[in-house]
Amino acid sequence: GTDSLVVRLLGEPGAVAYATAQVVLADSLLPPAVVSLGPADGASGLNVGTAVSATFNKAMDSTSVAGRLSLYSGVNPAAGSLRVSQEGKVFIFQPSQPLAYSARCSLVVQAGITDHYGLATTTGATSAFTTQAPPSVQLTSLAPPAAAVGTPVVVGGDGFSAVPSQNTVLFGGVLAA
C-alpha cells in the first residue's frame, strides 16, 4: 500500500518534509518500472558512436527487454547489441554502426517488459536526443606523398565518417577507386 513518511530535517529546527512512499514487502511484489534513460531526453551533441541505456528499479528479464527496447536514427531502427549490467537492472544498447551526424534519435522502451517474477511494466519511456554535427574534415597525412596511378594511398585525418562508403576522395578532380 501507500504510506506517508515524515522526515525531520537536521539543522532546521521545526522543519519537516513530507513524502509518499510505496511500501513493498518483497521484490516479487514490487511493480517494475523504468527509472532512467541515457542519454536524457533533449540531450544534444552526442557522439555518433555512443551507447544508450535503460535503467529499471529491479532486475528484469533480458529477453523481454531485448524485444521491447529500440533505438532509432530518424525513423530508421538501429541495429546493435544489448548487454546487461548491475545485476539485470541496467541494459546498454551499442549500435553496430555509428549513428548519422546531426540526427534526431530516439530510445524507445515499450510497456510490457517483464521481471523475473512475470510482473510487467505498465508504462514505457522515450528519450529523444540529437547526435553531434559532422566535424570539419582535416587532412593530416597522405602516404605515399607521390606515386604512380593505381598505387594504394592511405589518407589520414580528422572528420572522416567511420563508415568508409560515406567518404569521397578525389585526386586532381578524379574520384579515387
Side-chain angles (χ1 to χ4, degrees), residues 32-115 121 123-177:
V34 177
V35 294
S36 68
L37 297 178
D41 190 43
S44 63
L46 275 84
N47 184 290
V48 294
T50 194
V52 296
S53 65
T55 302
F56 295 85
N57 64 333
K58 62 189 297 188
M60 301 299 288
D61 176 68
S62 60
T63 303
S64 183
V65 173
R68 295 182 181 268
L69 183 146
S70 303
L71 175 63
Y72 295 90
S73 179
V75 296
N76 301 314
S81 60
L82 187 66
R83 66 182 169 92
V84 183
S85 181
Q86 296 184 17
E87 298 175 357
K89 292 182 180 181
V90 177
F91 291 80
I92 301 163
F93 181 83
Q94 178 65 58
S96 54
Q97 294 286 326
L99 300 171
Y101 287 113
S102 301
R104 180 155 172 83
C105 301
S106 55
L107 172 60
V108 178
V109 180
Q110 299 174 12
I113 297 173
T114 57
D115 64 12
T121 57
T123 59
T126 299
S127 172
F129 59 94
T130 306
T131 58
Q132 70 192 75
S136 57
V137 176
Q138 181 179 24
L139 189 63
T140 58
S141 66
L142 183 65
V149 173
T151 302
V153 176
V154 177
V155 177
D158 297 317
F160 292 103
S161 172
V163 179
S165 64
Q166 293 179 353
N167 297 306
T168 303
V169 177
L170 302 173
F171 287 107
V174 177
L175 182 64

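Both backbone and side-chain heavy atoms feed into the values below; hydrogens, waters and symmetry mates do not.
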Trainee: Quick one: does Asp41's side chain have a donor or acceptor within less than 3.5 Å of a partner on Ala128's backbone?
Mentor: yes
Trainee: Indicate the atoms forming the closest heavy-atom contact of Asn57 with Pro32, along with that distance.
Mentor: OD1-CA, 3.4 Å
Trainee: Kindly give the heavy-atom pair with the smallest separation between Ala79 and Phe93, and that separation in Å.
Mentor: C-CZ, 3.7 Å
Trainee: How many angstroms lie between CG in Leu107 and CG in Leu69, if you round to the nearest 0.5 Å?
Mentor: 5.0 Å
Trainee: With rounding to the nearest 0.5 angstrom, report the OG1 to CZ distance, Thr55 to Phe91.
Mentor: 10.0 Å
Trainee: Please report the shortest heavy-atom distance between Lys58 and Lys89, naming the atom on each side.
Mentor: C-CG, 3.5 Å
Trainee: Is there a donor-acceptor pair under 3.5 Å between the side chain of Ser64 and the backbone N or O of Thr114?
Mentor: yes
Trainee: Please tell me if the side chains of Leu71 and Pro77 come closer than 4.5 Å, counting only heavy atoms from C-beta onward.
Mentor: no
Trainee: Could you please spell out the steps behind the side chain to side chain contact (heavy atoms under 4.5 Å, CB included) verdict for Phe56 and Val90?
Mentor: CA-CA 6 Å; Phe56 295 85; Val90 177; over 6 Å; no
Trainee: So, taking the atom named CD in Gln132 and the one named CG in Leu99, what distance separates them when rounded to the nearest 0.5 Å?
Mentor: 10.0 Å
Trainee: For Gln138, is there any backbone N or O sitting under 3.5 Å from a side-chain donor or acceptor partner on Asp158?
Mentor: no
Trainee: To the nearest 0.5 Å, tell me how far Ser73 OG sits from Tyr101 OH.
Mentor: 12.5 Å
Trainee: Can you check whether Pro39's main-chain N or O pairs, donor with acceptor, with Ser127's side chain at less than 3.5 Å?
Mentor: yes
Trainee: Show, in sequence, the C-alpha distance, side-chain angles and deciding distance for Asp61 and Asp115, and conclude whether the side chain to side chain contact (heavy atoms under 4.5 Å, CB included) test is met.
Mentor: CA-CA 5 Å; Asp61 176 68; Asp115 64 12; over 6 Å; no
Trainee: So does Gly112 get a backbone contact from the side chain of Thr121, meaning a donor-acceptor N/O pair under 3.5 Å?
Mentor: yes
Trainee: Look at the side chain of Asn167 and the backbone N and O of Ser161, then say whether any donor-acceptor pair between them is shorter than 3.5 Å.
Mentor: yes
Trainee: Looking at Thr50 and Asn47, would you say the former's side chain and the latter's main chain have a donor-acceptor pair under 3.5 Å?
Mentor: no
Trainee: Distance check, rounded to the nearest 0.5 Å: Ser62 atom OG versus Ile113 atom CD1?
Mentor: 11.0 Å
Trainee: When rounded to the nearest 0.5 angstrom, what distance separates CE in Met60 from CD in Glu87?
Mentor: 15.0 Å
Trainee: Just by modelled atom types, is the Ala100 backbone N or O under 3.5 Å from a matching donor or acceptor in the Thr131 side chain?
Mentor: yes
Trainee: Quick one: closest heavy-atom pair of Leu46 and Phe129, and the distance?
Mentor: CD2-CD1, 4.3 Å
Trainee: Go through the steps to decide whether Leu175 and Thr168 satisfy the test side chain to side chain contact (heavy atoms under 4.5 Å, CB included), and finish with yes or no.
Mentor: CA-CA 7 Å; Leu175 182 64; Thr168 303; 3.7 Å; yes
Trainee: Return the minimal non-hydrogen interatomic distance between Pro144 and Thr151, and the atom names on each side.
Mentor: CG-CG2, 4.4 Å
Trainee: Which pair of non-hydrogen atoms, one from Leu139 and one from Gly156, has the smallest distance, and what is that distance?
Mentor: CD1-O, 3.3 Å
Trainee: For the pair Ser53 (side chain) and Ile92 (backbone), establish whether a donor and an acceptor sit closer than 3.5 Å, ignoring hydrogens and angles.
Mentor: no
Trainee: Does any part of the side chain of Ser102, heavy atoms only, come nearer than 4.5 Å to the side chain of Pro134, both counted from C-beta?
Mentor: yes
